Protein chains: 2
Amino acid sequence: MIQSVDRAVRILTALQGARRMGLGELAAQLELAPSTVHGIVRTLLDHGMIAQERDSGRYRLGPATLRLGNVYLDTLELRSRSVPWAEDLAARTGMAVRTAVLLAGPGGDVIVVAHEPRPGGGRQMNEVGIVVPAHACALGKALLAFDPAGEPAFDTAGEPLRSMTGETITDPARLRTELAAIRRVGLATEAEEAVLGEYGLAAPVADHSGTIAGAIGLVVPQTEWPVGPGATDALRAAARSISRELGAPSWPPVVRDRPAASA
Amino acid sequence: MIQSVDRAVRILTALQGARRMGLGELAAQLELAPSTVHGIVRTLLDHGMIAQERDSGRYRLGPATLRLGNVYLDTLELRSRSVPWAEDLAARTGMAVRTAVLLAGPGGDVIVVAHEPRPGGGRQMNEVGIVVPAHACALGKALLAFDPAGEPAFDTAGEPLRSMTGETITDPARLRTELAAIRRVGLATEAEEAVLGEYGLAAPVADHSGTIAGAIGLVVPQTEWPVGPGATDALRAAARSISRELGAPSWPPVVRDRPAASA
DNA sequence: ATGGACGTTCGGCATAGTCGAAATGCGTTC
DNA sequence: GAACGCATTTCGACTATGCCGAACGTCCAT
């Protein structure tokens with residue numbers, strides 16, 4: 001691990017938490033000398049990865065980050081393959097459809113890479129790029145259940161997981177039990193665990209190597225919960241079809257590595 | 001300039017040009033030893049800035065880049081201030097509206113940070129994040145004309161600029177003349193210089209320090225060109241209003257630095 | 001079965017980055 | 001209006017860090 005590169009990414013991550021930061025704030029948060037941070041910041045500045053406010057001297061993220069993120073979306077085959085199926089799903093069920101992938105690093109978050117708005121819902125925010133804790137949403141639980149590296153990620157010595165609402169699962173053991181159930185059924189659910197009044201249903205998507213590439217799911221309003229078998233079957237069919245288009249040999253994806261390391 | 005951080009950003013930039021690259025390709029493009037690149041790549045991998053295809057071993061951009069880009073958009077006051085005015089402009093003129101900023105680094109590109117689709121145009125691609133050469137679009141010319149650091153950026157010893165269509169201005173001297181005219185009028189135009197059949201009109205937006213923060217412009221179809229005074233005035237009014245909301249002391253922005261260093 | 005290509009790992013050397021301290025610029029207070 | 005204080009920025013020396021060459025393992029194609 002290259003030290004200075006690691007620090008550079010940490011700086012970007014810090015700036016993505018607090019919108020604007022002074023050099024001193026950054027140095028304090030990374031526990032480094034201000035001059036050390038300055039060298040890295042200067043380099044990122046030259047590439048447009050961060051920008052400096054001309055008057056206050058503080059730093060923000062720069063436009064080059066937007067370019068990177070946009071190219072990532074373009075190169076993501078999961079996204080392009082999902083779009084037609086998401087449109088179909090939204091038309092059939094009348095609900096919004098999200099596609100998401102697991103985000104690396106600590107925290108165990110998922111990030112939405114495609115979003116099909118609810119039909120007839122007027123102007124809706126584009127939700128591509130939003131981040132949700134994995135353990136608190138159906139998409140995240142589908143990803144955690146089938147990703148061999150996902151489940152150990154939140155295995156932080158039994159300390160409670162971050163709570164979003166009163167319904168969020170904060171007990172790692174209980175989450176692990178639910179993930180095992182999701183592996184058997186091939187579908188994950190969410191009941192007001194991330195946002196009050198919002199329910200969800202999600203299914204994993206596999207790629208040509210047989211491992212999980214992402215998850216696709218329905219955003220279900222409270223009045224529609226629980227969903228009928230029609231929506232469930234349509235979602236399962238869409239996930240299977242996308243996986244097949246990506247070259248997956250089977251669906252639901254098989255979880256390799258450790259079949260049952262838990263008690 | 002920190003060497004390894006600079007190289008890390010170069011790797012990301014290379015990956016944004018070619019969608020997938022092997023380690024050898026990356027090393028060849030950066031003219032470095034493969035093992036050197038590997039260390040940096042490994043670090044970026046751990047942070048999710050890049051991802052590795054499980055079978056081929058090649059590298060792609062990772063989901064963390066999407067998160068960064070999304071946070072950048074959220075923190076951009078230019079964007080949030082532009083949205084209401086862009087909606088109003090689109091409703092008045094019946095055209096799509098784009099807001100863009102100048103992208104740092106070589107090449108002199110602009111990147112779209114907000115996009116209001118043409119009213120009644122059905123499903124349109126979201127153009128946020130697309131990149132256009134600055135000298136080939138109205139938004140870019142508005143930015144170059146009023147950014148003190150913009151004009152010298154393409155001053156590469158008189159060699160011709162990259163051509164997009166037959167109408168693209170490739171002569172730096174001619175571009176400089178046009179930028180001077182834009183500075184006087186406060187509006188930039190574009191006639192099939194980036195995309196055939198597409199015309200454009202753009203105005204600069206200033207921020208509280210008086211310098212240029214971005215540009216807002218209309219995407220004009222061939223049948224609507226040239227636009228009437230109503231659309232021109234509305235665009236100018238929107239640019240002035242956004243600038244005022246950002247705290248700009250004047251509009252059009254004043255170009256400080258060198259008023260006339262050219263011959 | 002064998003060759004090649006690619007990603008990956010390891011260790012020594014030297015460069016390149018880190019950190020302290022001083023300098024500059026700016027806003028604020030008295 | 002002038003001086004204080006904070007913040008970013010610059011500079012220089014030390015040494016820890018990352019760079020590179022070479023060897024290993026693996027996968028694919030022949």
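Here the structure is a predicted model, which means the values were calculated and not measured. Every chain is numbered from 1, with letters handed out A, B, ... down the list of sequences.
Each end of the helix from C/dA1-D/dT30 to C/dC30-D/dG1 gets its own axis from five base pairs, and the two axes differ in direction by 50°, given to 10 degrees.
For the salt bridge (Lys or Arg N to Asp or Glu O under 4.0 Å) test, residues two or more places apart in sequence or in another chain that qualify with B/R98 are B/E127, B/E198.
At C/dG7, none of the side-chain N or O atoms of B/R42 fall inside 4.0 Å of OP1 or OP2 (strictly under the cut-off). Taking side-chain N and O atoms only, B/H38 has no distance below 4.0 Å to OP1 or OP2 of C/dG7. Neither OP1 nor OP2 of D/dA7 sits under 4.0 Å from any side-chain N or O of A/Y59.
Side chains of A/N126 and A/H115: a donor-acceptor N/O pair is absent below 3.5 angstrom, by distance only. For B/R54 and A/S209, the side-chain atoms include no donor-acceptor pair closer than 3.5 Å. Side chains of A/S80 and A/E77: a donor-acceptor N/O pair is absent below 3.5 angstrom, by distance only. Between the side chains of A/Q16 and B/R67, at least one donor N or O lies within less than 3.5 Å of an accepting N or O.
Rounded to whole angstrom, the span from the CZ atom of A/R58 across to the C1' atom of D/dA7 amounts to 12 Å. Atom P of nucleotide C/dT8 and atom CG of B/D46 are separated by 12 Å, given to the nearest angstrom. The interatomic distance linking A/I2 (CD1) with C/dT8 (P) rounds to 14 Å, in whole Å. Rounded to an integer number of Å, the gap from CD1 of A/I40 to C1' of D/dG18 is 13 Å. Regarding B/R54, its CZ atom lies at a distance of 22 Å from the P atom of C/dC6, rounded to whole Å. For the pair A/L30 CG and C/dT18 C1', the computed distance is 14 Å after rounding to whole Å. Atom CG of B/L26 and atom P of C/dC6 are 13 Å apart (whole Å). Rounded to an integer number of Å, the gap from CG of A/L23 to P of C/dA23 is 19 Å.
Nearest to the side chain of B/A33, among C/dC19, D/dC19, D/dG21, sits D/dG21. Proximity note for B/Q3 (side chain, C-beta onward) versus D/dG21, C/dT8, C/dA16: the nearest is C/dA16.
For residues 4-21 of chain A, proximity to DNA chain C is found at A/S4, A/R7, defined as any non-hydrogen atom under 4.0 angstrom from a strand atom.
The main-chain N or O of B/D207 is never found under 3.5 Å from a side-chain atom of B/T211 such that the two would form a donor-acceptor pair. A donor-acceptor pair under 3.5 Å is absent between the side-chain atoms of A/H208 and the main chain of A/R244, judged by distance alone. Put simply, the side chain of A/R19 gets close to the backbone of B/D74: a donor and an acceptor are under 3.5 Å apart.
What you find for B/P253 and B/A206 is that their closest heavy atoms are CB-CB, 3.8 Å.
Remark on DNA chain D: of its neighbouring residues B/D55 and B/G39, the 5'-side contact belongs to B/G39, judged by nearest-heavy-atom nucleotide.
Between the side chain of A/S35 and the base of C/dG20, a donor-acceptor pair under 3.5 Å is found.
Among A/I242, A/V83, A/V128, A/I216, the single residue meeting the side-chain contact (heavy atoms from CB on, under 4.5 Å) criterion with A/T99 is A/I216.
Backbone-only contact: A/Q52 has heavy atoms under 4.0 Å from sugar-phosphate atoms and none from a base.
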